[in-house]
Amino acid sequence: MKKKTANLISLGLVAGLFLVLFLLEQVMDPASMLFVVLKKGAIYALVAVSMNLLNGFTGLFSLGQAGFMLIGAYAYGILTIPPEARDAVYQYFDGGIIQFALPVPLALIIAGLAAAFFAFLIGLPVLRLKSDYLAIATLGFAEIIRAFFQWDALGPITNGSNLLRRFPTFSSVIFPFFVAGLCIAIIVLLVNSSYGRAFKAIRDDEVAAEAMGINLFKHKQMAFVISSFFAGVSGALLAMYQTTVQASAFKSAMTYEILLIVVIGGIGSISGSCIASFLFIACNEWWLRFLDNELFIGTWQVPLLRTGFRKVVFSIIIMAVVLFYRQGIMGDR
Amino acid sequence: MAENVLHLDRVTMQFGGVVAVNGLSMDVNAGEIVALIGPNGAGKTTAFNVITGVYAPTNGQVDLFGSPMVRNHPRGKMKKLYAGEDPDAFRGQALCPTPDKITRLGIARTFQNIRLFCSLSVLDNVLIAKHMRARHNVFAATFRLTPRVEREMRQSAEALLEEQGLTHLKDEVAGSLPYGLQRRLEIARALATEPRLLLLDEPAAGMNPQEPHELAAFIRQIREKYNLSILVIEHHMDLVMEVAERIYVLDFGKLIAQGDPAAIQDNPDVITAYLGVDEE
């Protein structure tokens, strides 16, 4: 009975959130920075939660998230560009070899599956490594993928190092919220299931987990594949948000941004990752932008404000969080 | 004659130049409580780790219910150690299952320095041990398609906590429990894997003089209730003498004595091992 009321309340909250978003879109200027933050924040929230599933819940320190996002973004782009637009997009590759377009929901799922498949292959050798080595190996993989997708020989599929564009995108903020929300809900269900408990057991004590009959490799592989699936979906959403995809954009710096969100939000906290993601995007794209512009009050130039100063302030905030607020916003560990 | 549960045949475990366990052969029969004792560093825990698959033995074989579970044969570097032996006696397919497979076969263990999942709740600790036997895949578990499986896991976990008197603490974080309760939780967690052989690694460590007495009664009680065989490593002689039906004594990795408690107590080799030799 108590559980049912709790479910009803959260259902009501979610409905309320979407209603607010809908109303905001009716009232406010669609070019407002608020919508940029909301859209990008939702996408980053999903990828941060997927990273948290690995780093926070399974104790696998992986830095391959940008690589899996790239795979998802490309899979989505490649599969959804309408055939009539392909000649223009694949202008150096005679229109490419794929001449069909899938519906958006199907393409989103395939984007996730493609990332998951790569994760499965990479996981076979890599997940036998311990902590730091795993981080290095996954980071290396992400870099390889980035180079691989720019390879000219794959041009008929990936368009080489050129942009993919003219695939279906979204304009309303409801869409990324819906998809990311659905995915995060699934991750929450997973984390609270028997398998989620097994992941947490591996994080807490591998030796004891194994002694309790938990097959370490199988469960690590599972967490890795599932996390990558959602990273792939968020990559596809990012492609839709940006309206274009280029492999060179998925740098390791992107993984670090996501890691930062996870750390600020609190390792092992899903709500923390979501909140931190919106805060991070808002600071990065909006609130701290003024730091990058020279400002004159009368004839007096405010010192320090110039291009790049935003990053300095950002670094200081992050150091402060790490030094004085180690558990993150919502962390309990 | 009772069914043989665990049989170690000349198990050797070598770390570099250190031979931690040297040609250990021992048996545990159905329904027995057997103790493995010896001074510090005698190789007791190493023997446990071989049985539970944490280490693959350098040599020897472990049988569970009469069928080989862990098996190895001397290669290369081990030849010297086994100079006198017939290598063909060890030949065959090497078997070294991982600890989770061994747990699945029905061996559960506790650890000398308690290893709970410290950040998780008491109930979750037991539920994790139930995970292995739960019949649902990750998809069904995530989308709650098998509520019956989940409910059964929860019921049997709660029953185990009840039995250990931990029910009122089931939502506490395991790491915050006092030492004695952590030990009990660890035993509950081991029982949750539905074992047929329970290995207890120094269950009385850190207990006051009176508690081992209760522990002995408790060990006998769970043996009856769960139809277990129990192998226990212990330093506490009171507990060993009270609870064990047979005792194996290790010293420097070698078996120096075996027999019932009374015989062990009077065995001069054992007394020497524990008290040291009088140089005069």
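Here is how names work: the chains are called A, B, and so on, in the same order as the sequence lines, proteins then strands, and each is numbered from 1.
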Looking just at side-chain N and O atoms, do A:Q65 and A:S50 make a donor-acceptor pair shorter than 3.5 Å?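 The criterion, which ignores hydrogens and geometry beyond distance, is satisfied for A:S50 and A:Q65.
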With sequence neighbours left out, write down each residue that passes ring pair (Phe, Tyr, Trp, His ring centres under 6.0 Å) with B:F111, or none if nothing qualifies.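 Result, ring pair (Phe, Tyr, Trp, His ring centres under 6.0 Å) vs B:F111: none returned.
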Determine, for B:E234 against B:K44, whether the closest basic-nitrogen to carboxylate-oxygen distance falls under 4.0 angstrom. no
Hey, are B:E194 and B:K130 close enough for a salt bridge, meaning a charged N less than 4.0 Å from a carboxylate O?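 A salt bridge is present here (some side-chain N lies under 4.0 Å from a carboxylate O).
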Counting only non-hydrogen atoms closer than 4.5 Å, does [X] touch chain A with its backbone (N, CA, C, O), its side chain (CB onward), both, or neither?
{"X": "B:R109", "result": "both"}
{"X": "B:A108", "result": "neither"}
{"X": "B:T193", "result": "side chain"}

Under 4.5 Å, heavy atom to heavy atom, which residues of residues 191-200 of chain A contact chain B? A:N192, A:S193, A:S194, A:Y195, A:R197, A:A198, A:K200
Looking only at heavy atoms and a cut-off of under 4.5 Å, which of A:I187, A:V188, A:L190, A:L216 has the most pairs with chain B?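 The answer is A:L190.
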Most chain A-contacting option - heavy-atom pairs closer than 4.5 Å, from [options]:
{"options": "B:T52, B:V54, B:N137", "value": "B:N137"}
{"options": "B:T103, B:D124, B:I102", "value": "B:T103"}
{"options": "B:A190, B:A141, B:A134", "value": "B:A141"}
{"options": "B:I107, B:L105, B:D100", "value": "B:D100"}

For chain A, which residues of residues 144-153 of chain B have heavy atoms nearer than 4.5 angstrom: B:R144, B:E150, B:M153
Should the heavy atoms of other residues, nucleotides or ligands under 6.0 Å from CG of B:N227 be counted, would the total exceed 12?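 Atom CG in B:N227 is not packed in, count stays at 12 or less.
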A:K130 vs A:E206, salt bridge (charged side-chain N to carboxylate O under 4.0 Å, His left out): CA-CA, chis, key distance, verdict: CA-CA 11 Å; A:K130 298 264 180 233; A:E206 280 197 8; 3.2 Å; yes
Taking the side chain from [X] and the backbone from [Y], do they hold a donor-acceptor pair closer than 3.5 Å?
{"X": "A:S273", "Y": "A:V262", "value": "no"}
{"X": "B:S229", "Y": "B:G31", "value": "yes"}
{"X": "B:S176", "Y": "B:V173", "value": "yes"}

Pair [X] and [Y], ring centroids less than 6.0 Å apart:
{"X": "A:F224", "Y": "A:F120", "answer": "no"}
{"X": "A:F18", "Y": "A:F175", "answer": "no"}
{"X": "A:Y133", "Y": "A:F61", "answer": "no"}

Does any pair with a residue in residues 140-195 of chain B pass ring-ring contact (aromatic ring centres under 6.0 Å, His included), and if so which ones, sequence neighbours excluded?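 Counting only pairs at least two positions apart or across chains, the ring-ring contact (aromatic ring centres under 6.0 Å, His included) contacts touching residues 140-195 of chain B are B:F139-B:F143.
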